[in-house]
Amino acid sequence: MGDAGPVRIPTSQGEIRRYHVMVKPTGPLCNLDCAYCYYLHKAELLGTNSNFRISDEILETHIRQYTEGQNADEVVFTWQGGEPTLLGLPFFEKVIALQQKYKRTGQCIVNDLQTNGTLIDEHWCRFLKKHNFLVGLSIDGPEELHDAYRRAKDGKPTFKKVFAASQLLHKYNVRFNSLTVVNHLNAKRPLDVYRFLSREVEPHEIQFLPCVEPKNFRFVAPQQWEATMLPPLHSSATRPGNPDSILTDWSVDADDWGTFLCKVWDEWYRRDYGRVFVNLFETAVAQWMGMDSQICVYHEFCGKSVVLEHDGAVYSCDHYVYPEYKLADVLHTSSSEMVFSDWQKHFGFNKFVSLPQHCRQCEFLFACNGECPKNRLIRTPGGDAGLNYLCPGLKKFWAHIDPIMPEIRKRIAMEQQSVI
């Protein structure tokens with residue numbers, strides 16, 4: 001098999017060296033045809049002659065490199081797509097065997113699997129429970145909202161299969177999170193979405209992901225836009241559905257995103273605080289307490305979470321799988337060498353370096369950090385390029401929760417005191 005040579009970790013005593021690789025073992029191959037999917041078109045970029053299945057050689061090389069390339073006690077493997085369950089249980093049984101072969105003494109291996117849920121059955125649930133997988137289940141809310149965009153290749157709705165999968169996961173006590181893409185439609189019904197997820201799906205954690213895609217996303221890589229063509233804040237071109245909009249029709253409106261978060265926060269804080277976990281709220285509380293963001297989009301820097309495609313190529317980020325952001329391939333260069341390369345460090349630090357002055361002067365910079373660079377699609381009021389499209393909505397949300405944070409800090413302090 002191809003070999004990039006032994007991995008040596010040049011760390012000073014006590015230094016933890018870790019990184020994260022999201023594996024796409026089926027590339028963009030999927031059994032669904034979700035209208036808003038940003039990954040299906042990768043079939044054109046990655047080669048139409050591919051069978052979109054990771055080879056045994058690439059799989060084993062990755063698992064060996066990944067376990068050798070970091071010295072943290074826990075190593076997290078993330079399997080995504082496309083739809084990774086298309087490879088079947090034998091593939092993941094092979095994964096478990098290879099992980100056991102290469103893990104170091106005392107090293108804990110953790111797996112998480114992002115799936116659309118349509119292929120999950122009792123056999124899958126028994127396997128996932130046995131090997132303690134964390135499952136991410138994609139579900140966009142109640143039936144009519146979920147089925148609006150998440151359809152099978154033949155156009156049939158998928159909600160019933162996905163909801164049935166959630167119930168099976170509960171039956172077998174498989175830990176799972178829900179992942180909801182907040183788009184142009186479901187953003188307008190925040191309480192319907194949240195109440196359905198928290199009371200009927202009942203995942204371990206609710207994850208919300210804003211759908212933001214420029215109309216040219218299929219052939220223009222993020223941050224490769226012509227700066228002079230970016231529209232100014234609050235112009236009609238920044239509103240999905242307008243004829244001159246730079247956004248796809250299914251993208252969430254920035255103001256709607258802010259309203260969605262505010263309304264869900266109010267319901268969560270009033271009824272579910274301490275009982276229901278929402279990823280964006282948990283990280284907001286942490287940041288208001290002076291800690292780092294728990295998710296990459298709100299962290300000051302990025303770059304330590306890369307993507308391994310089915311053909312062995314590694315890219316800077318899940319949303320940057322374009323030729324401009326290809327690092328190398330694992331059969332010739334170890335993934336740790338790529339992640340800690342000067343090029344990737346520049347990519348990660350550039351998140352902060354490229355922030356416009358408008359953002360640097362914002363009172364909520366500590367919470368936002370410019371959000372994800374892939375969404376920096378518009379210009380500031382002063383005309384500078386690089387303002388995040390979601391800025392108006394995010395500011396609305398941060399301003400809404402800011403007065404509540406002292407109360408939350410007090411509650412947390414009291415809870416900690418009671419434990420002591």
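Because the structure is predicted, anything quoted here is derived from the model rather than measured.
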Do D33 and Y149 pass the side-chain hydrogen bond (donor to acceptor under 3.5 Å, both in side chains) test, and can you show the C-alpha distance, the side-chain angles, and the key distance before you say yes or no? CA-CA 8 Å; D33 192 19; Y149 290 124; over 6 Å; no

Hey, is E144 close enough to R189 for a salt bridge, meaning N to O under 4.0 Å? yes

Classify the angle between the aromatic ring planes of W343 and Y325 as parallel (below 30°), tilted (30 to 60°) or perpendicular (above 60°). perpendicular

Decide yes or no on side-chain hydrogen bond (donor to acceptor under 3.5 Å, both in side chains) for H62 and S335, but give the supporting numbers first. CA-CA 8 Å; H62 165 63; S335 55; 4.9 Å; no

Donor on one side chain, acceptor on other, N183 and S251, under 3.5 Å: no

Flag yes if more than 12 heavy atoms outside M414 fall under 6.0 Å of its CE atom; otherwise flag no. no

With a 3.5 Å cut-off and no angle check, do the side chains of S138 and N116 form a donor-acceptor pair? no

How about W288 and F366: are their ring centroids closer than 6.0 Å? yes

Salt bridge or not for D255 and R239, using N-O below 4.0 Å? yes

Should we say atom CE of M229 is surrounded by more than 12 heavy atoms from elsewhere, each under 6.0 Å from it? no

Do T180 side-chain atoms and I139 backbone N/O form a donor-acceptor pair below 3.5 Å? yes

Specify whether H131 and F127 have parallel, tilted or perpendicular ring planes, treating 30° as the upper limit for parallel and 60° as the lower limit for perpendicular. tilted

Is it true that atom NZ of K396 has more than 12 heavy atoms of other residues, nucleotides or ligands lying nearer than 6.0 Å? yes

Inspect the surroundings of NZ in K410 and state if more than 12 heavy atoms from other residues, nucleotides or ligands are less than 6.0 Å away. no

Under the criterion ring-ring contact (aromatic ring centres under 6.0 Å, His included), I'd like the reasoning laid out for H319 against Y38: C-alpha separation, chi angles, the key distance, then a yes or no. CA-CA 8 Å; H319 289 278; Y38 68 93; 4.3 Å; yes

Write down the atom of R270, the atom of R195, and the distance for their closest heavy-atom approach. NH2-NH2, 4.5 Å

Does a side-chain N-to-carboxylate-O contact under 4.0 Å join K171 and E122? yes

Heavy-atom count check: over 12 atoms from other residues, nucleotides or ligands less than 6.0 Å from H170 NE2? yes

Please verify the inter-ring angle class for W398 with F364; under 30° counts as parallel, over 60° as perpendicular, anything in between as tilted. tilted

May I ask you to check whether W268 and Y273 place their ring centres under 6.0 Å from each other? yes

With no hydrogens and no angle check, do the side chains of H41 and R218 hold a donor and an acceptor under 3.5 Å apart? no

Which class fits the ring pair F91 and W79: parallel under 30°, tilted 30 to 60°, perpendicular over 60°? perpendicular

Hey, what's the ring geometry for Y19 with F340, parallel, tilted or perpendicular (30° and 60° as the breaks)? perpendicular

Geometric class of the Y269/W265 ring pair [parallel <30°, tilted 30-60°, perpendicular >60°]: parallel

Is the side chain of Q65 donor-acceptor paired with the backbone N or O of V330 at a distance under 3.5 Å, no angle test? yes

For the NZ atom on K215, are there more than 12 heavy atoms of other groups (residues, nucleotides or ligands in this structure) within a distance under 6.0 Å? yes

Within 45 degrees of the axis of the six-membered ring of F352 and under 6.0 Å from its centre: does R360 put its NZ or CZ there? yes

K351 side chain to V297 main-chain N or O, any donor-acceptor pair under 3.5 Å? yes

Full working for side-chain hydrogen bond (donor to acceptor under 3.5 Å, both in side chains) between E83 and T85: CA-CA 6 Å; E83 177 51 44; T85 61; 2.5 Å; yes

Flag the pair K160 and E143 as a salt bridge only when some basic side-chain nitrogen lies within less than 4.0 angstrom of an acidic carboxylate oxygen. yes

Please check if any side-chain donor atom of N388 sits under 3.5 Å from a side-chain acceptor atom of E371, or the reverse. yes

Would F92 and W124 count as a ring-ring contact (aromatic ring centres under 6.0 Å, His included) here? Give the steps. CA-CA 10 Å; F92 284 96; W124 270 104; 5.7 Å; yes

Taking C-beta and beyond as the side chain, do L179 and L137 meet within less than 4.5 Å on heavy atoms? no

Taking salt bridge (charged side-chain N to carboxylate O under 4.0 Å, His left out) as the definition, give me every residue that meets it alongside D318, ordered by chain and number, with sequence neighbours left out. K24

Hey, mind stepping through D384 and R379 against salt bridge (Lys or Arg N to Asp or Glu O under 4.0 Å) and telling me if it holds? CA-CA 5 Å; D384 294 328; R379 286 184 281 126; over 6 Å; no

Decide side-chain hydrogen bond (donor to acceptor under 3.5 Å, both in side chains) for Q80 and D112; before the verdict, give the C-alpha distance in whole Å, the side-chain angles of both, and the deciding distance to 0.1 Å. CA-CA 9 Å; Q80 204 174 74; D112 56 68; over 6 Å; no

Give me the atom names and distance for the closest heavy-atom approach of M289 to R409. CG-CG, 3.9 Å

Using distance alone, with no hydrogens and no angle criterion, decide if S316 and Q344 have a side-chain donor and acceptor under 3.5 Å apart. yes

Has K42 got its NZ or CZ under 6.0 Å from the middle of the six-membered ring of Y322, at an angle within 45 degrees of the ring axis? yes

Short N-O contact, E267 and K263, less than 4.0 angstrom: no

For the rings on Y172 and H123, is their centre-to-centre separation under 6.0 Å? no

